[in-house]
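When a ligand or atom number is given, it counts from 1 through the structure's own listing order. Everything numeric here is computed off the predicted structure, so don't read it as measured data.
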Amino acid sequence: MSKNLEVILTPAICSNFSFENKTVVIIDVLRATSTIAFALNRGFKKVITCRDVELARSLKNQQSLVAGERNGDKIPGFDLGNSPYEIANLETIPENLVLTSTNGTKSVEIAIQSGAEEILCGALVNVQSLADYINRNNNDIILFCAGWKDHENIEDTYMAGCLIDKLNHCSLVNDSAFMASSIYQSHQNNSLIFLEKANHYQRLMRKGNASDIEVCLQESSLSVVPKLISHQNDISIFTKA
Ligand code: MLT
């Protein structure tokens, strides 16, 4: 049985889509969904996400580190920025990581408020494990690109196309899905030359985050599928699927 697949290139148009009964993959390659994958791979039991900075700050306790950024910069007073490289290299870790980011954690909340049946986190680092998981399930799919402040971006669109390339029995049902697929097919053999054109790639390089970019662009380096297990009082909890 074929599964319908849609791509949403920016949260600005998500009201045009029905999320009911669908598996929604939140995509924020640079860096939120990469960070969530790295955190669960590093050994954090839960990644707790929220939109609000002060709510995230209030969740700091003995069992949690608090990470986050706004406009790519670490939030003052937080333990970490939104850095998958830093998180992967922590020597000791508590049980939970709290995370808030400019676009990725906002997109999680939008998907929840829109009635998604299942919410997963996708990035280039976990694209094969994610495809294997989705190929074992039958829900229709939305690939939800977090973009940048309601603008489309290269890296999330490219990753959506990369995932489409690895899925079986899916029918692409909107033009954005064909666009994402075509972008991936056209650039998969010279991906870095293409991805380094991305605004946020350039922004992060200017801020000295080359290590994050390097680890975020390593396709299928992690075998982890972050899955939303609960949402309450504007707080979402992800664990390994
Ligand atoms: C986002 O949520 O937009 C990104 O994660 C931003 C970043 O980490 O630089």
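In this structure a side-chain-to-backbone donor-acceptor pair under 3.5 Å is missing from Ser34 to Leu30. In this structure, Gln202 contributes its side chain and Glu196 its backbone to a donor-acceptor pair below 3.5 Å. Between the side chain of Glu69 and the backbone N or O of Thr102, at least one donor-acceptor pair lies under 3.5 Å. Judged by distance alone, the side chain of Asn153 and the main-chain N or O of Asp156 form a donor-acceptor pair under 3.5 Å.
Interface of Leu30 with ligand 1, defined as ligand atoms under 4.0 Å from a residue heavy atom, comprises 4 (C), 5 (O), 6 (C), 7 (C). Of all atoms in ligand 1, numbered sequentially from 1 with element shown, those under 4.0 Å from a heavy atom of Asn103 are 1 (C), 2 (O), 3 (O). When each atom of ligand 1 is checked for a heavy atom of Ala32 under 4.0 Å away, the hits are 2 (O), 5 (O). Close approach of ligand 1 to Gly72 is summarised as follows: ligand atoms under 4.0 Å from at least one heavy atom of the residue are 9 (O).
Among the atoms of Gly147, none of the N or O lies under 3.5 angstrom from an N or O of ligand 1.
In this structure, Leu204 counts as a contact residue of ligand 1, since one of its heavy atoms falls inside 4.0 Å of the ligand. In this structure, His200 has a heavy atom closer than 4.0 Å to ligand 1.
The nearest protein atom to atom 6 (C) of ligand 1, hydrogens excluded, is given as Glu69 OE2, 3.2 Å; this is a heavy-atom distance. Summary of contacts: the protein heavy atom closest to atom 8 (O) of ligand 1 is Asn82 ND2, 2.7 Å. Taking atom 1 (C) of ligand 1 as the reference point, the nearest protein heavy-atom neighbour is Asp28 OD2, 2.9 Å.
Residue-level proximity to ligand 1 for Arg203 is absent, since no heavy atom of it falls below 4.0 angstrom. Under 4.0 angstrom from ligand 1, the non-hydrogen atoms of Arg31 come from both its backbone and its side chain.
A side-chain donor from one of Asp212 and Ser83 sits under 3.5 Å from a side-chain acceptor of the other. Looking at Asn82 and Thr35, their side chains do bring a donor and an acceptor atom within 3.5 Å of each other. Side-chain N/O atoms of Thr100 and Arg70 include a donor and acceptor closer than 3.5 Å.
Relative ring orientation between His187 and Phe194 is described as parallel, the plane-to-plane angle staying below 30° on a 0-90° scale split at 30° and 60°.
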